[in-house]
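Reading through the structure tokens given below for one structure.
Bear in mind the structure is a predicted one, so any value in this text is a computation, not a measurement.
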Amino acid sequence: MQLKKINIGKLHTENNIFLAPLAGYTNCVFRSMCFSLGAGLTFTEMVSAKGLCYDSKNTKELLQLPPEYAGLNAVQLFGSDPYFMRKAAESDELSGYDIIDINMGCPVPKIFKNGEGSALLQDIPLASRIVGEVAKCGKPVTVKFRTGVDKNHLVTRDFALAMQDAGASLITIHGRTRDKIYSGPVDFDQIASAKAAVSIPVIANGGVFSVADADGLMDKTGADGIAVARAAMYDPFIFCALSGTPVPDKKAVIKKQIGDTFSLFGERFATVYMRKMLAFYIKGMPGASAIKMKLFRCADRGEIEEILNGLNF
Ligand SMILES: Cc1cc2nc3c(=O)[nH]c(=O)nc-3n(C[C@H](O)[C@H](O)[C@H](O)COP(=O)(O)O)c2cc1C
């Protein structure tokens, strides 16, 4: 895959391979790890603009910044009220973030019914107002969206143009409709039609699980870069393969992830989270199901590290 920096407003990313937002997973430690493995830009998981404005403790925990330099910091907000979206973007909690990304692709019924996430694909004027209002915060605004709510309502090109006109500095397009959630083929043509129409960078997303997938997505869409989501949960070292970064000692990297997660997020969260992550990392290994059973009985950091020590990567 052809590597290049991406300009987002006046900012430049390290390269054009991004870690897409993953609710429940892309915390600051994971983002930092993926950056060190070759991701050019990473995003927080989606954070509620209203939750932020109403001072929710849970929301603020999602906004911790990486423990060490991890490139530009991009936060993803969701919401449908332009006023709250701008207020959140301008809040002190986001002062350490360089880029504000707006979620216009989340398919989850609770979000959709609230008129948020992918529901905004059905209301281009409102989506544009949100971008215009958030852009007033002075930071570059990016938008992540899908191709439409279903195959009878494809909006990719029009939506891309509207976001650009409203002031977005980059768009990420997940090449699936809302009703497909995360399954089915990625619609390369839809992404290509948006890429041909706009002058801001376009990042293609969906279905990258190998270097060949990444090359295919780039070739078939003409996009400027790609965003990887699920593959990174199972194998964050995919960023090494995609970016040409030498593969480090995998156990040492995961051990650091465990250490940083425990020190930043506390015992309870870290135990559950790292059990889950290790269960992803061992997928496909011989004896994975027995190891998984043992993992889910781990009660503390020591027990998790003991399992890690016995693994063969
Ligand atoms: C568990 C999970 C959580 C996700 N959370 C978010 C999110 O917070 N914001 C977002 O824009 N997309 C979210 N997504 C969508 C991904 O960013 C991505 O668009 C989608 O998974 C397709 O990419 P992939 O085929 O590389 O996984 C999530 C996906 C999964 C599987």
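- For the pair Glu133 (side chain) and Met85 (backbone), a donor-acceptor distance under 3.5 Å is absent.
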Audit row: Val186, Arg176, side chain to side chain contact (heavy atoms under 4.5 Å, CB included) steps and yes/no: CA-CA 6 Å; Val186 167; Arg176 294 187 178 95; 3.8 Å; yes
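- Of the possible polar contacts, one joining the Asp213 side chain to the Ser210 backbone as a donor-acceptor pair under 3.5 Å is found.
- In this structure, Arg146 CZ and Leu154 CG are separated by 12.5 Å, a value rounded to the nearest 0.5 Å.
- Looking only at distances, no side-chain donor or acceptor of Asn205 sits under 3.5 Å from a matching main-chain atom of Thr172.
- Judged by distance alone, the side chain of Arg178 and the main-chain N or O of Leu121 form no donor-acceptor pair under 3.5 Å.
- Contact record, Thr221 with Ala204: OG1-CB, 4.0 Å, taken as the closest heavy-atom pair.
- Nearest approach of Ala214 to Leu242, heavy atoms of both residues: CB-CD2, 3.5 Å.
- Glu116 has its side chain out of reach of Cys106: every pair of non-hydrogen atoms, C-beta onward, lies at least 4.5 Å apart.
- Minimum heavy-atom separation, Pro201 to Asp224: CA-OD2, 3.3 Å.
- Summarising the geometry, atom CG belonging to Asp219 is positioned 10.0 Å from atom CE belonging to Met1; distances are rounded to the nearest 0.5 Å.
- Annotation for Lys276: atom NZ counts as buried by contact number, over 12 foreign heavy atoms lying within 6.0 Å.
- With rounding to the nearest 0.5 angstrom, the CD1 atom of Ile282 is 8.5 Å from the CZ atom of Phe313.
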Arg86/Glu90 under salt bridge (charged side-chain N to carboxylate O under 4.0 Å, His left out): CA gap, chis, key distance, verdict: CA-CA 6 Å; Arg86 176 177 173 188; Glu90 289 177 339; 3.0 Å; yes
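- Using a 4.5 Å heavy-atom cutoff, the side chains of Thr26 and Glu45 are in contact.
- No hydrogens or angles considered: a donor-acceptor pair under 3.5 Å links the side chains of Gln190 and Thr156.
- Within 6.0 Å of atom NZ in Lys180, 12 or fewer heavy atoms from other residues, nucleotides or ligands are found, so the atom counts as exposed in its surroundings.
- By the rule that hydrophobic residues join a cluster once side-chain heavy atoms approach within less than 4.5 Å of another member, Met46 and Leu19 end up as members of separate clusters.
- The line from CG of Leu161 to OG of Ser199 is 9.0 Å long, rounded to the nearest 0.5 Å.
- Judged by distance alone, with hydrogens and angles left aside, the side-chain atoms of Lys251 form a donor-acceptor pair with the main-chain N or O of Leu311 at under 3.5 Å.
- Taken together through direct or relayed side-chain contacts under 4.5 Å among Ile, Leu, Val, Met, Phe, Trp and Tyr, Val211 and Leu3 form part of one hydrophobic cluster.
- Counting only heavy atoms from C-beta outward, the side chains of Leu37 and Pro248 approach each other to under 4.5 Å.
- Summarising the geometry, atom CG belonging to Leu278 is positioned 11.5 Å from atom CZ belonging to Arg275; distances are rounded to the nearest 0.5 Å.
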Criterion side chain to side chain donor-acceptor pair (under 3.5 Å) on Thr142 and Asp101, from CA distance to verdict: CA-CA 4 Å; Thr142 61; Asp101 186 55; 2.6 Å; yes
Chi angles and distances behind the side chain to side chain contact (heavy atoms under 4.5 Å, CB included) call for Ile226, Met218: CA-CA 7 Å; Ile226 57 159; Met218 289 290 282; 3.8 Å; yes
Stepwise side chain to side chain contact (heavy atoms under 4.5 Å, CB included) check, Thr271 with Ile304: CA-CA 8 Å; Thr271 303; Ile304 295 174; 4.2 Å; yes
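- Val228 and Ile17 get closest at one heavy-atom pair: CG2-CG2, 4.5 Å.
- Looking at Glu68, its side chain never comes within 3.5 Å of a backbone N or O of Ser32 through a donor-acceptor pair.
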Side chain to side chain contact (heavy atoms under 4.5 Å, CB included) between Phe43 and Val75, worked out: CA-CA 6 Å; Phe43 294 81; Val75 61; over 6 Å; no
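- With hydrogens and angles ignored, the 3.5 Å screen pairs a side-chain donor or acceptor of Asn103 with a backbone N or O of Gly105.
- Within 6.0 Å of CZ on Arg230 lie more than 12 heavy atoms contributed by other residues, nucleotides or ligands.
- Here Phe280 and Tyr25 bring their ring centres to under 6.0 angstrom of each other.
- Using a 4.5 Å heavy-atom cutoff, the side chains of Ser48 and Phe84 are not in contact.
- Relative ring orientation between Tyr69 and Phe35 is described as perpendicular, the plane-to-plane angle rising above 60° on a 0-90° scale split at 30° and 60°.
- When all heavy atoms of Pro67 and Asp260 are compared, the pair lying nearest together is CG-OD2, 4.2 Å.
- Using a 4.5 Å cut-off on side-chain heavy atoms (C-beta onward), Leu126 and Leu120 make contact.
- Note: Phe18 CZ to Leu72 CG = 9.0 Å, rounded to the nearest 0.5 Å.
- The minimum heavy-atom distance between Phe30 and Met277, with the atom names listed, is CE1-CE, 3.7 Å.
- Tyr234 carries Lys283 over the face of its six-membered ring, with the cationic atom under 6.0 Å from the centre and within 45° of the normal.
- Asn73 places no side-chain N or O within 3.5 Å of a backbone atom of Asp98 that could act as its donor or acceptor partner.
- Relative orientation of the Phe269 and Phe265 rings is tilted, given thresholds of 30° and 60° on the angle between their planes.
- Between Leu52 and Leu94, the closest side-chain pair of non-hydrogen atoms falls below 4.5 Å.
- Side-chain atoms of Gln257 and Tyr281, non-hydrogen and from C-beta on, do get closer than 4.5 Å to each other.
- Between the side chain of Asp235 and the backbone N or O of Ala231 there is no donor-acceptor pair closer than 3.5 Å.
- For the pair Met163 and Ser128, the minimum side-chain heavy-atom distance is below 4.5 Å.
- Under the 4.5 Å side-chain contact rule for hydrophobic residues, Ile307 and Met274 share a cluster.
- Side-chain N or O atoms of Asn16 include one that pairs as donor or acceptor with a backbone N or O of Gln2 at under 3.5 Å.
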